Every structure is written in C-alpha cells, then in structure tokens.
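Quick notes on the structure that follows.
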Amino acid sequence: MSLMIYNTLGGRKDVFQPLEPNKVTMYVCGPTVYNLAHIGNARPVVVFDVLFRLLQTQYDTVIYARNITDVDDKIIAAARESQRSIEAVTEEFTAKYREDMARLNALPPTLEPHATHNIAAMIELTETLIAKGHAYESQGHVLFAVESMPDYGKLSGRVLDDMLAGARVEVADYKRHPGDFVLWKPAKAEEPGWDSPWGRGRPGWHLECSAMIRAHLGETIDIHGGGRDLIFPHHENEIAQSRCAHGGDYVRYWMHNAYLDIDGEKMSKSLGNFHTVRDLLQHYRGEVLRFALLSAHYRSPLNFSFELLQQAEAALGSFYSTLRDVQDIELDVEVQLEDEPFYRALNDDLNTPLAIAELHALAKQMHKAAAAEKPMLKARMLAAGNLLGILAQDPEAWLQGGVEAGELSAEEIEERINARQQAKLNRDYAGADAIREELLAKGVVLEDSRDGTKWRRG
RNA sequence: GGCUCGGUGGCAGAGUGGUCAUGCAGCGGAUUGCAAAUCCGUCAACGCCGGGUCGAUUCCGACCCGAGCCUCCA
C-alpha cells in the first residue's frame with residue numbers, strides 16, 4: 001500500500017517515495033520557547049506524530065527532527081519582562097513543552113536540534129549565500145536577495161511584483177528589495193549574540209531551519225511540516241536559502257496543517273483567544289485532547305470548543321468500554337495492517353476522521369462477534385489505536401479515572417455497590433435504585449451485568 | 001489589492017458522477033426489577049445561480065459568504 005501525501009508544492013496528492021528506499025527524513029517546525037504551548041500549537045505535533053508512527057510501519061529508518069527555537073526577539077522580550085536570563089526562560093519553556101506534548105501521547109522526535117547549538121552552521125550557510133551572490137551585507141545586516149532567485153515564491157504561489165503591489169510593510173532602508181529578508185542581524189550589547197564575520201549578532205528567523213536541516217538531516221529531506229501560516233514567508237525563505245546555497249531539492253514533500261478556530265477565527269497568541277495545553281490538561285486527559293485534534297482532517301480547520309472535547313471524551317469512553325469487555329482476552333494474533341480499512345485511511349494523506357470511523361466499525365463488530373472472532377478484533381482495534389496514539393491505557397483504569405478527582409474514591413464506590421447488591425438480594429429495589437441515583441449524582445455510572453456490577457466515571 | 005483555502009443533516013465530520021459515511025443528539029423498538037451498555041429500526045445535508053451529463057453534493061463557470069497569508073504566530 002502506498003502512502004499518499006498532499007504536497008503543498010504542486011497542490012495535489014502524490015505517492016510518497018523517499019529519496020532513499022528504506023529511510024525517511026522528516027522535519028517539523030517546533031516551538032519558540034518563550035511561553036506555554038496552546039492547543040493550536042499542539043495540532044501539528046499530534047498530526048505529525050501520527051505520520052511518524054505510520055512511517056515507522058513502512059520504513060526501517062525514520063528520522064524525525066523538531067527544532068527548538070531558543071533565540072528570538074520574543075524570548076528576549078519575555079526574559080526582560082520577567083527579569084530573568086534568556087537561558088532560564090528557554091529552559092523552563094522547553095521542559096514544559098516536552099512535558100505537555102508527552103501528555104498528548106506524542107512520541108519524542110528522533111532529534112531536537114536547538115538553534116543556539118547550531119550557530120556555526122548558520123554562519124557557514126550565510127557565508128555560502130554571500131559567496132554565491134545571493135546575499136549581501138548592509139548596515140551590519142546580512143540580507144538574502146530575493147531577486148537573485150528566479151523562482152522565488154513558488155511554494156506560496158507568489159510573484160515578487162504582485163507582492164509589492166499590496167505591500168503594507170514599511171521597508172527598511174538597508175534592503176535592496178522590499179522582499180529581502182534577514183539572515184543575520186546585529187545584536188545590541190545586552191542581547192544574546194555570537195561573533196561572526198559581520199560582527200556580533202544573531203540569526204534571522206528563517207535561517208535556523210535551513211542550517212539545522214542541512215547539518216542534521218542532509219541537503220534534501222523527504223518531508224517538511226508545519227502550520228499553514230508558515231508557508232509564507234518562513235518556508236518560502238527556507239527554500240530560497242537552502243536551494244541557493246546547495247542547489248538541488250530542499251524538501252520533497254511539504255505538508256501544512258490548518259489551524260484551530262475559535263468562533264470561526266484562528267486561535268492565536270496575538271489574538272489572545274487561545275487555551276494553553278497545560279490549562280486544558282487540568283480538565284481533560286491528554287488523550288482526549290489528542291483525539292479531539294485528530295477528529296478532523298489535518299488540512300481542514302478544526303473548530304475548537306468544549307463540545308468538541310466532550311465528544312472526544314465520549315468517543316474514547318465508548319472505545320475503552322468495548323475494550324473493557326474483552327480485557328481478559330489474550331492477544332496471540334497478528335494484524336495485517338495492509339488489509340485494514342483504518343490503515344488505508346491513514347495512508348490516504350492521514351485521513352484520521354475516516355480512521356476513527358473505522359475504529360467505530362470495529363467496535364461495533366466486536367459487540368456482535370462470536371467469541372472466536374474477538375481476539376482478532378481486539379488486536380485490530382489496538383493496532384488502530386496504536387497508530388493514532390490512543391487506547392493504550394488499561395480500560396478499567398481509563399473508565400474509572402479522570403483528571404478531575406471525583407467526590408468519591410474507588411473504595412467508597414465499591415462499598416456503595418456492595419450495599420446496593422445487598423439491597424437487591426433483599427428485593428429492596430427502591431433502596432438499590434436510591435444508591436444508583438446517589439452515585440449517578442456524583443458522576444458514577446453503574447452497569448449491571450452477569451459478571452457483576454461495573455462502574456465508570458462519566 | 002495580490003495569493004491561497006473553504007462553504008455537507010441540530011452539532012461534529014468523511015466521501016462520492018447513480019441504493020450506506022461515521023460519531024453525538026433526537027425519535028421508535030428489543031433487552032433490563034429499574035438503569036447503563038448493547039442491538040434493531042428511523043428522521044435528516046450537500047451556500048446560490050447557470051452549464052454541460054441519461055444522471056451531480058461530487059465536473060465547469062459566475063455569484064454570495066467565510067477563513068488564512070502578504071507583519072511575530074502551528
């Protein structure tokens with residue numbers, strides 16, 4: 001089965017073929033570590049985590065790099081505001097970012113290059129660009145000359161002349177062309193800086209990705225991912241830097257996720273309409289957040305709401321409930337992924353909503369299945385869950401757990417269930433129902449079955 | 001203004017040139033001491049207008065509406 005990927009460059013789905021037959025290199029734009037990640041920032045992380053898992057089922061070597069931008073104007077500003085050192089700020093938010101993403105069941109990337117550890121590579125790249133006539137020094141800055149690249153704008157479908165027509169930006173006087181962008185800029189004394197042929201300074205925003213990809217993954221990588229808003233200028237400029245410096249292809253497949261909306265508007269830090277992952281984790285388990293993020297296709301906007309999270313929670317609860325019914329069944333069967341509808345769905349440009357629908361279909365089959373069919377169905381559900389990064393918990397623990405501690409402990413609940421059982425034996429159904437109601441009022445749902453009474457929070 | 005991308009049932013959200021998405025919610029039934037879970041059945045959509053087609057939500061064109069990028073942002 002071949003993986004189809006929608007390539008922003010070209011605007012259509014293509015069969016994915018890595019440069020080398022059994023190796024895939026993938027790079028996703030990571031965080032600028034100056035504050036907490038919001039749930040919109042988590043979307044690419046979760047989406048590309050699914051891709052990472054999927055690729056690993058097909059290729060022996062998958063190298064997935066996600067950078068940490070730890071030098072940036074916003075970081076400097078954040079450090080100044082909180083009267084802390086740059087390092088204190090970046091270390092704190094790097095650690096918190098890793099924790100938050102781990103709680104969303106995102107696997108750690110293979111590599112996590114830091115911008116500040118790769119300054120030499122950036123300087124070298126800048127020197128190459130100057131030597132080849134694609135960059136120039138001006139008033140202490142080094143700028144990339146967009147006019148030196150004939151097909152600049154190809155990724156975003158822009159033409160330099162058109163961009164000028166609508167330009168609203170004041171053009172810095174050190175630029176030859178308004179579209180020229182900074183590779184290296186001078187650092188003030190109190191700002192972080194590194195010695196370079198152009199004096200003490202620091203890199204421009206776009207430079208780090210090009211330099212680190214080249215340093216850690218090679219001149220040409222297979223997949224580069226990120227949010228849609230990075231297409232221009234960030235990724236366009238990365239292409240310009242890398243292709244002009246090294247020639248050849250930079251990235252074979254560009255993938256861009258759509259954003260999360262709040263009331264039809266993009267969730268963003270600048271609009272202030274965001275929820276941090278950390279905040280949401282106070283109320284919802286990471287797996288619920290993850291499921292919610294996967295409930296829409298990654299290229300479609302996803303309207304974020306509490307209803308969405310509640311639906312995600314309900315869906316996961318129902319899957320875990322199905323799995324609880326078969327929790328004692330041993331797995332000694334092997335799933336043939338190639339035959340699986342959910343696998344087919346994921347291979348079609350990561351169609352996670354369809355994969356989830358197939359998971360519902362599997363659950364439904366499980367409910368009707370004869371005993372002999374259940375081990376395979378369970379294995380298939382878990383295999384699907386594994387690729388989506390969900391359903392790996394103990395079902396009982398999931399159903400009885402939760403972020404918001406209930407009013408009752410498990411022991412207290414068991415005690416009430418026993419009391420109710422006794423009432424039932426005494427034919428005191430009114431008493432038994434009273435206990436059911438009492439527990440329900442405290443968020444505990446009882447389910448009677450031949451095997452006794454099960455409970456869950458819900 | 002330029003460049004992108006969208007508009008699917010009450011909600012979320014896939015997909016397709018011709019009887020089915022799926023989930024949640026609703027309605028009816030089975031089951032249950034009562035419930036829950038589950039099962040069966042059921043309601044309901046494809047922005048608007050035109051064009052081609054035997055037939056379009058799906059293709060083409062215009063229009064309306066929305067979002068994003070062009071400035072830090074996933």
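Each chain gets a letter, A, B and so on, in the order the sequences are listed, and its residues count up from 1. Keep in mind it's a predicted model, so treat the numbers as computed, not measured.
- Within 4.0 Å of A:His38, counting heavy atoms only, lies at least one base atom of the nucleic acid.
- Comparing the same atom, C1', in B:rC11 and in B:rC43 gives a spacing of 15 Å after rounding to whole Å.
- Side chain of A:Leu302, nearest nucleotide from B:rG13, B:rC69, B:rG15: B:rG13.
- B:rC20 is unpaired under the criterion used here, namely a Watson-Crick or G-U wobble arrangement in which both key atom distances are under 3.5 Å.
- Nucleotides B:rG6 and B:rG23 have their P atoms positioned 26 Å apart, rounded to a whole Å.
- Remark: P of B:rG15 and CG of A:Asp348 are 7 Å apart, rounded to the nearest angstrom.
- The separation of B:rG66 from B:rC60, taken at their P atoms, amounts to 24 Å, rounded to a whole angstrom.
- Summarising the base pairing, B:rC34 is matched to no nucleotide, lacking a Watson-Crick or G-U wobble pair whose two defining distances lie under 3.5 Å.
- At whole-Å resolution of the value, CZ in A:Arg158 and C1' in B:rC5 are 12 Å apart.
- Aromatic ring pairs are classed by plane angle as parallel below 30°, tilted from 30° to 60° and perpendicular above 60°; the pair A:Trp254 and A:Tyr250 is tilted.
- Atom pair A:Phe304:CZ and B:rA12:P shows a separation of 14 Å (rounding to whole Å applied).
- Across every non-hydrogen atom of A:Arg66 and A:Pro113, the tightest pair is O-CD, 3.6 Å.
- Within the structure, a side-chain polar atom (N or O) of A:Ser300 is placed less than 4.0 Å from OP1 or OP2 of B:rA14.
- The partner of B:rU57 is absent, by the rule that a Watson-Crick or G-U pair needs both atom distances under 3.5 Å.
- Counting non-hydrogen atoms of other residues, nucleotides and ligands closer than 6.0 Å to CZ of A:Arg278 gives a total above 12.
- Within the nucleic acid shown, A:Ala296 comes within 4.0 Å of sugar-phosphate atoms alone, with no base atom in reach, counting heavy atoms only.
- A:Arg66 comes within 4.0 angstrom of no nucleic acid atom, judged by non-hydrogen atoms across all strands.
- Across the strands present, B:rG6 finds its partner in B:rC65; the criterion is a Watson-Crick or G-U wobble pair with both atom distances under 3.5 angstrom.
- The base of B:rG33 lies close enough to the side chain of A:Asp433 for a donor and an acceptor atom to sit less than 3.5 Å apart.
- In this structure, CD of A:Glu313 is placed 19 Å from P of B:rG23, rounded to the nearest angstrom.
- The gap from the P atom of B:rA45 to that of B:rU58 amounts to 16 Å, rounded to the nearest Å.
- Contact annotation for A:Ser270: base contact, defined as any heavy-atom pair under 4.0 Å involving a base atom.
- Side-chain atoms of A:Arg228 lie closest to B:rC5 of the nucleotides B:rU22, B:rC69, B:rC5.
- Counting only N and O atoms by type, the side chains of A:Asn303 and A:Ser305 include no donor and acceptor under 3.5 Å apart.
- Between the P atoms of B:rU8 and B:rC48, the separation comes to 11 Å (whole Å).
- In this structure, of B:rA14, B:rG33, B:rC39, it is B:rC39 that holds the atom nearest to the side chain of A:His367.
- For A:Phe304 and A:His275, the gap between ring centers is short of 6.0 Å.
- Taking atom CG of A:Asn303 as the reference point, atom P of B:rG66 lies 16 Å away to the nearest angstrom.
- Counting non-hydrogen atoms under 4.0 angstrom, A:Ser268 reaches a base of the nucleic acid.
- The side chain of A:Arg456 sits closest to B:rA37 out of B:rC39, B:rA12, B:rA37.
- Once rounded to the nearest 0.5 Å, the distance linking CD of A:Glu396 with NZ of A:Lys454 reads 7.0 Å.
- Comparing B:rC72, B:rA12, B:rA37 against the side chain of A:Ser321 picks out B:rA37 as the nearest.
- The CZ-P distance, from A:Phe181 to B:rU71, rounds to 13 Å in whole Å.
- Comparing the P positions of B:rA56 and B:rG41 gives a spacing of 30 Å, expressed to the nearest Å.
- Nearest nucleotide to the A:Ala357 side chain, out of B:rG23, B:rA12, B:rA21: B:rA21.
- With a 6.0 Å cutoff to the six-membered ring centre and a 45° limit on the axis angle, A:Arg324 does not count as a cation-pi contact of A:Trp398.
- Residue A:Lys266 has its side chain nearest to B:rC69 when only B:rG15, B:rU22, B:rC69 are considered.
- Heavy atoms of A:Gly40 sit under 4.0 angstrom from at least one base atom.
- Listed nucleotides B:rA14, B:rC72, B:rA35 differ in distance to A:Asp448; the shortest reach to its side chain belongs to B:rA35.
- The same atom, C1', is picked in B:rC27 and in B:rG15; the two are 27 Å apart, to the nearest Å.
- Residue A:Lys454 is classed as having no contact, given no heavy-atom separation below 4.0 Å to the nucleic acid.
- Remark: the separation of the P atoms in B:rC40 and B:rC5 is 42 Å, to the nearest Å.
- Relative orientation of the A:His206 and A:Phe181 rings is perpendicular, given thresholds of 30° and 60° on the angle between their planes.
- Which of B:rC39, B:rG23, B:rA14 sits closest to the side chain of A:Lys368 comes down to B:rC39.
- Figure legend. B:rU42 is base-paired to B:rG26; pairs are counted as Watson-Crick or G-U wobble with both atom distances under 3.5 Å.
- Side-chain N/O atoms of A:Asn237 and A:Tyr152 include a donor and acceptor closer than 3.5 Å.
- Distance from the side chain of A:Glu447 is smallest for B:rA37 among the nucleotides B:rC70, B:rA37, B:rC40.
- A straight line from CZ of A:Arg450 to P of B:rU32 spans 10 Å, rounded to a whole angstrom.
- When the P atom of B:rC34 is taken as reference, atom CG of A:Asp428 falls 16 Å away, rounded to whole Å.
- The nucleotide B:rG1 finds its pairing partner in B:rC70, both defining distances of the Watson-Crick or G-U wobble pair being shorter than 3.5 Å.
- With hydrogens and angles ignored, no donor-acceptor pair under 3.5 angstrom links the side chain of A:Asp72 to the base of B:rC72.
- Counting non-hydrogen atoms under 4.0 angstrom, A:Glu307 reaches nothing in the nucleic acid.
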